[in-house]
2 protein chains.
Amino acid sequence: MAAQGRDFEGVNRWRISAPKDRVIYDEGEPASAFYQIETGCVRLQVNREDGRRQILAFLLPGDIFGVQCDPTRRVAAEAVVRTDMTCFHASLSQAGAFGSGAAVGMASALCDLASGFATHVMGLCHASAESRVRWFLGWAAAQGSISTGDDRLELPMSRRDIADFLGLTPETLSRTFSRLEALGEVEVQSARRLVLRSKRRPVKRRDGRRLDAA
Amino acid sequence: MAAQGRDFEGVNRWRISAPKDRVIYDEGEPASAFYQIETGCVRLQVNREDGRRQILAFLLPGDIFGVQCDPTRRVAAEAVVRTDMTCFHASLSQAGAFGSGAAVGMASALCDLASGFATHVMGLCHASAESRVRWFLGWAAAQGSISTGDDRLELPMSRRDIADFLGLTPETLSRTFSRLEALGEVEVQSARRLVLRSKRRPVKRRDGRRLDAA
DNA sequence: CGTGGGTTTGACTATACTCAACTACGGTGG
DNA sequence: CCACCGTAGTTGAGTATAGTCAAACCCACG
């Protein structure tokens with residue numbers, strides 16, 4: 001959804017590549033550039049003092065990240081898998097110097113980011129683990145670079161990544177995948193290779209239980 | 001935190017006022033304006049088909065909301081209490097016409113919004129109800145228009161609003177307030193009038209338990 | 001082919017949700 | 001000004017669900 005008609009004319013740029021788990025930028029660093037993913041996957045995350053980690057977003061090809069007002073990074077960006085991206089050397093405060101086009105482009109990227117966060121909040125508020133995982137699967141299925149054709153998912157991230165994204169423990173996540181597989185909603189070919197089975201979404205009741213459990 | 005140095009010169013504007021619970025805009029409506037709060041409080045929310053409601057953000061004086069790329073509203077905005085605001089008649093796609101200043105201003109507003117959402121995600125991922133409520137109290141204490149001086153909070157929103165914001169039931173929220181009161185961390189003078197008691201934050205361990213339970 | 005980390009499963013515990021009743025507050029009208 | 005009423009909030013009991021600790025499994029890598 002990101003990056004339609006945003007070329008950021010006049011902004012200095014170069015291509016960079018990051019191997020799996022490479023830190024692209026870390027919390028506390030000065031922010032002077034933003035990025036657009038070409039191939040791969042990036043996670044935005046906050047590392048808590050107690051060692052726990054919250055993943056705020058998974059970003060995929062086309063997505064722009066790193067645009068912000070604050071001069072220092074509040075969240076870290078790490079490559080989930082080997083990732084190629086374009087690095088634009090500009091901050092929002094200087095955006096005016098590049099003309100309104102660049103500013104609108106950056107605003108547009110922020111729009112997508114905010115929209116993704118909002119969707120994430122909505123996903124997290126599904127109380128049950130089952131709902132959260134269904135929501136995650138729906139999100140993944142809607143991403144072109146994850147969903148390879150007909151209901152076949154190729155996940156770039158680990159179970160722990162997903163757990164930290166959904167606010168669940170890896171154990172609960174794994175159990176939930178197993179339950180959904182038993183329900184026939186998904187086939188877990190391997191940890192990162194899934195096939196969605198339910199062609200049409202099951203009808204939900206007010207209490208969140210499925211009517212057509214099959 | 002919002003609205004520093006953003007005057008949106010040249011953008012047509014007018015002042016509007018909304019009584020408690022008035023819908024400012026609803027999901028599905030066309031988006032042609034954005035807003036800045038003068039006094040009061042606004043909630044951004046999504047109403048689910050099952051009747052449940054997720055509140056994505058509480059917005060306070062100075063905050064800007066309603067800036068988006070999408071031509072239709074994905075979330076609704078409602079006044080929590082009687083609210084006065086300025087309505088700016090401009091959308092992000094036309095922002096270029098007003099010069100880069102307006103575009104940067106709108107991007108800046110989006111930055112704040114995204115930042116708030118990100119903080120919200122982090123708050124929701126605190127597993128326990130106790131942590132979520134502590135996080136909410138911390139958020140409220142940091143808001144000038146809620147925190148009246150020394151650790152005294154005047155909440156504009158109801159328990160149900162807070163519950164829908166934190167992804168808890170009103171019962172659990174109420175119980176949690178009672179527990180925090182028993183722990184001496186907060187005094188619940190009335191439902192919307194709180195006094196924070198812990199001058200210094202209690203030290204936490206990796207497992208989230210307090211060391212200096214008192 | 002062997003090893004190791006990621007993943008899955010198991011048993012138990014802690015916590016939040018549900019349904020229900022009770023209470024307190026705020027607004028209205030006498 | 002006080003009494004009443006309705007709604008919001010609180011508390012209680014029982015149940016369902018996710019977390020914790022621990023061990024087994026399995027795939028991917030060397």
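These numbers come from a predicted model, not from an experiment. First the proteins, then the strands, lettered A, B, ... as listed; each starts at 1. Computation of the quantities below employed the complete heavy-atom set of this structure, encompassing side-chain atoms and omitting hydrogens, waters and symmetry-equivalent molecules.
B:Y35 and B:F88 have their aromatic ring centers separated by at least 6.0 angstrom. A:H120 and B:F117 have their aromatic ring centers separated by at least 6.0 angstrom. Between B:F34 and B:F65, the ring center distance fails the sub-6.0 Å criterion.
Within the 3.5 Å criterion, the main-chain N or O of B:D164 finds a donor-acceptor partner in the side chain of B:Q54.
Distances shorter than 4.0 Å separate some side-chain N or O of B:S178 from OP1 or OP2 on D:dT11. For A:T169, no side-chain nitrogen or oxygen approaches OP1 or OP2 of D:dA18 to under 4.0 Å. The side chain of B:S128 places no N or O atom within less than 4.0 Å of a non-bridging phosphate oxygen (OP1 or OP2) of C:dT15.
Taking atom CD of residue B:E130 and atom P of nucleotide C:dA14, one finds them 15 Å apart after rounding to whole Å. The separation between A:L180 atom CG and C:dT9 atom P is 12 Å, rounded to whole Å. What separates CD of B:E171 from P of C:dC22 is a distance of 16 Å, to the nearest Å. If you measure from atom CZ of B:R132 to atom C1' of D:dA18, you get 12 Å, rounded to the nearest angstrom. Rounded to whole angstrom, the span from the CZ atom of B:R52 across to the C1' atom of C:dC17 amounts to 10 Å. Between the CZ atom of B:F177 and the C1' atom of C:dA16 there is a distance of 16 Å, given to the nearest Å. The interatomic distance linking A:D50 (CG) with D:dT20 (P) rounds to 11 Å, in whole Å.
Contact check on B:D26 versus B:R73 returns no salt bridge, with no Lys/Arg side-chain nitrogen under 4.0 Å from an Asp/Glu carboxylate oxygen. The pair B:D7-B:R13 does not count as a salt bridge, with every side-chain nitrogen at least 4.0 angstrom from each carboxylate oxygen. At a threshold of 4.0 Å, the pair B:E78-B:R22 does not count as salt-bridged, since none of the basic side-chain nitrogens sits closer than that to a carboxylate oxygen.
Of all the heavy atoms in A:S145 and A:P61, the pair that sits closest is OG-CD, 3.5 Å. Considering all non-hydrogen atoms of both residues, B:L56 and A:A118 come closest at CD2-O, 3.7 Å.
Comparing D:dC21, C:dA16, D:dT11 against the side chain of B:A129 picks out C:dA16 as the nearest.
Nucleic acid contact for A:S190: none, since no nucleic acid atom lies under 4.0 Å from a heavy atom of the residue.
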Between N or O atoms, less than 3.5 Å apart, protein on one side and nucleotides 4-9 of chain D on the other: list the pairs.
residue: D:dG9; atom: OP1; partner: B:R159; partner atom: N; Å: 3.2
residue: D:dG9; atom: OP2; partner: B:R159; partner atom: N; Å: 3.4

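Remark on the helix from C:dC1-D:dG30 to C:dG30-D:dC1: inter-end axis angle 50°, axes from five-pair C1' superpositions, rounded to 10°.
Between the base of C:dG10 and the side chain of A:R175 there is a donor-acceptor pair shorter than 3.5 Å. If you check distances only, the side chain of A:R179 never reaches the base of C:dT9 with a donor-acceptor pair under 3.5 Å.
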